[in-house]
Amino acid sequence: MAQEKIVILGTGGTIAGQAQNSTQGVGYKAGQISVAGLLAAVPDLSQLAAGRTGAVLDALQIAQIDSKDMDWPVWRSLLQAVKAGLEDTATRALVITHGTDTLEETAWLLQAVLQPTKAVVLTCAMRPATSLQADGPQNLRDAVAVAAGDVPGVWVVAAGEVHAAREVLKVHPYRLNALRSYEGGPCAYVEESRVRWLGRAAVQYPGWTAARLEQLLACEELPWVEIVQSGSLQSARAVQALLAAGVQGLVVAGTGNGTIHQAMEQALLQARAQGVSVWYSTRCLEGQLVGLPVGQGVPAVQASSHEIAAHVIQVEAEGGLDAVLLPPSKARIAMMLQLACY
Ligand code: SIN
């Protein structure tokens with residue numbers, strides 16, 4: 001039987017970032033150090049993996065980017081590499097080094113479309129590898145400890161916490177514990193390389209199939225979906241401009257329970273009338289929409305708004321991705337999948 005391995009995939013990010021000097025915690029360049037270099041910075045990483053599982057570490061560079069620039073070619077390469085690892089009986093688990101800025105989207109995508117039966121663990125850092133306070137090596141060590149535990153699903157490990165792909169959000173631009181599970185807290189803690197699980201499983205999406213994954217991987221690009229936010233003094237202009245430019249879907253980060261400024265609401269109804277998908281989410285940092293989310297104001301508007309809400313609820317009922325219950329960043333990716341593959 002082939003030697004088992006834990007595969008470490010590098011994509012860049014601050015964890016691979018380099019600054020001009022060790023006191024520089026901002027203004028560095030992300031994605032500079034190779035994944036082999038990241039492994040070399042953790043002296044006992046191979047021993048940790050071997051001691052827990054007998055597996056060796058295998059490193060593969062997928063990209064070296066700042067994750068703010070994540071695009072479909074990199075995502076597709078990453079999806080293909082993770083899929084290959086999941087199908088390879090010699091691969092026990094996978095770890096992905098990634099920038100924090102769009103990690104929540106990549107994590108959600110991997111969980112939604114691969115629904116792994118092995119552990120797939122993303123990790124990251126808030127300080128560059130050259131920093132006095134570099135958090136990447138410890139995060140990588142913790143990620144390997146989680147990977148070695150064989151809990152299936154996509155997990156995010158940072159600052160001693162393990163988050164589920166569906167829940168994790170970046171909530172701070174600077175501090176070391178910048179990631180948070182938006183309700184309910186982390187799924188586990190990593191303490192001196194012991195993983196203490198608190199008992200939640202990764203979310204599965206029954207409507208997603210292997211055929212849909214093949215359809216997705218065959219796409220040269222994904223449908224154009226934008227997030228628009230409603231708030232004080234909102235106008236219809238952003239929605240109108242996007243419609244004129246050919247946008248295919250809109251996720252609305254509504255106020256509170258998904259309410260929309262009346263000036264914007266008509267433009268959204270117009271968008272739907274033109275065949276553009278419109279889904280609602282909330283700009284609130286916690287929770288998800290409850291009941292029929294929009295149009296609490298004028299009754300005539302309420303009726304048509306409920307029609308939009310009904311559409312979203314129908315998407316869920318058909319076993320699709322639960323976009324309406326996701327925060328806007330993930331609902332946008334869910335809509336792209338929906339438009340490309342359903
Ligand atoms: C990035 O997302 O690639 C840069 C920022 C970070 O990793 O914290």
Side-chain angles (χ1 to χ4, degrees), residues 8-42 59-79 81-82 94-111 120-144 146 154-163 165-182 186 190 227 285 327-330 332-333:
I8 319 277
L9 304 172
T11 68
T14 293
I15 190 167
Q18 255 175 338
Q20 307 228 315
N21 59 63
S22 62
T23 56
Q24 204 178 337
V26 293
Y28 55 85
K29 205 157 167 33
Q32 300 301 298
I33 296 174
S34 70
V35 63
L38 301 185
L39 264 60
V42 189
L60 182 63
Q61 196 77 52
I62 300 293
Q64 278 183 270
I65 60 166
D66 186 319
S67 80
K68 74 179 174 56
D69 297 324
M70 184 56 72
D71 57 17
W72 175 235
V74 175
W75 255 6
R76 187 156 66 164
S77 301
L78 182 63
L79 275 171
V82 177
L94 296 108
V95 172
I96 302 165
T97 58
H98 197 290
T100 60
D101 283 345
T102 60
L103 181 147
E104 67 205 43
E105 289 149 68
T106 300
W108 185 83
L109 175 85
L110 293 171
Q111 177 62 43
V120 176
V121 185
L122 287 99
T123 194
C124 55
M126 288 301 290
R127 300 287 177 272
T130 47
S131 166
L132 281 177
Q133 250 195 322
D135 50 333
Q138 183 66 50
N139 286 345
L140 181 56
R141 193 172 187 280
D142 289 350
V144 168
V146 172
V154 176
W155 309 104
V156 174
V157 173
E161 296 180 337
V162 183
H163 304 278
R166 189 182 180 287
E167 311 297 321
V168 68
L169 290 177
K170 184 168 182 178
V171 296
H172 201 281
Y174 183 73
R175 70 183 184 213
L176 295 179
N177 61 341
L179 302 181
R180 190 150 74 88
S181 295
Y182 65 92
V190 190
I227 297 170
L285 298 182
S329 63
K330 298 180 193 193
R332 176 169 163 265
I333 309 304

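As the structure lists them, so they are numbered: ligands from 1, and atoms in each ligand from 1. We count residues from 1, following the sequence as given. Worth saying up front: this structure is predicted, and the values here are computed from it rather than measured.
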- [ ] Identify the protein heavy atom lying closest to atom 8 (O) of ligand 1, giving its residue, its atom name and the separation to 0.1 Å.
- [x] T100 OG1, 2.5 Å
TODO: Would you tell me whether H163 and S181 have side-chain atoms, one donor and one acceptor, within less than 3.5 Å of each other?
DONE: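 Side chains of H163 and S181: pair found under 3.5 Å.
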Nearest non-hydrogen partners of [X] and [Y], listed with the distance:
{"X": "T14", "Y": "A30", "value": "N-CB, 4.0 Å"}
{"X": "K330", "Y": "L169", "value": "CE-CD2, 4.2 Å"}
{"X": "Y174", "Y": "R127", "value": "O-NH1, 2.7 Å"}

Open item on the list: Side chain, backbone, both or neither: which applies to A125 and ligand 1 if a contact is any heavy-atom pair less than 4.0 Å apart?
Closed with: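 Backbone only; the side chain of A125 stays clear of ligand 1.
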So is [X] polar-close to ligand 1, meaning N/O to N/O under 3.5 Å?
{"X": "S67", "value": "yes"}
{"X": "T102", "value": "no"}
{"X": "H98", "value": "no"}

Open item on the list: Out of all atoms in ligand 1, which are within 4.0 Å of some heavy atom of T14? Include the element for each.
Closed with: 4 (C), 5 (C), 6 (C), 7 (O), 8 (O)
Task: Option among T102, T11, T106 that satisfies the side chain to side chain donor-acceptor pair (under 3.5 Å) test with S67 - done: T102
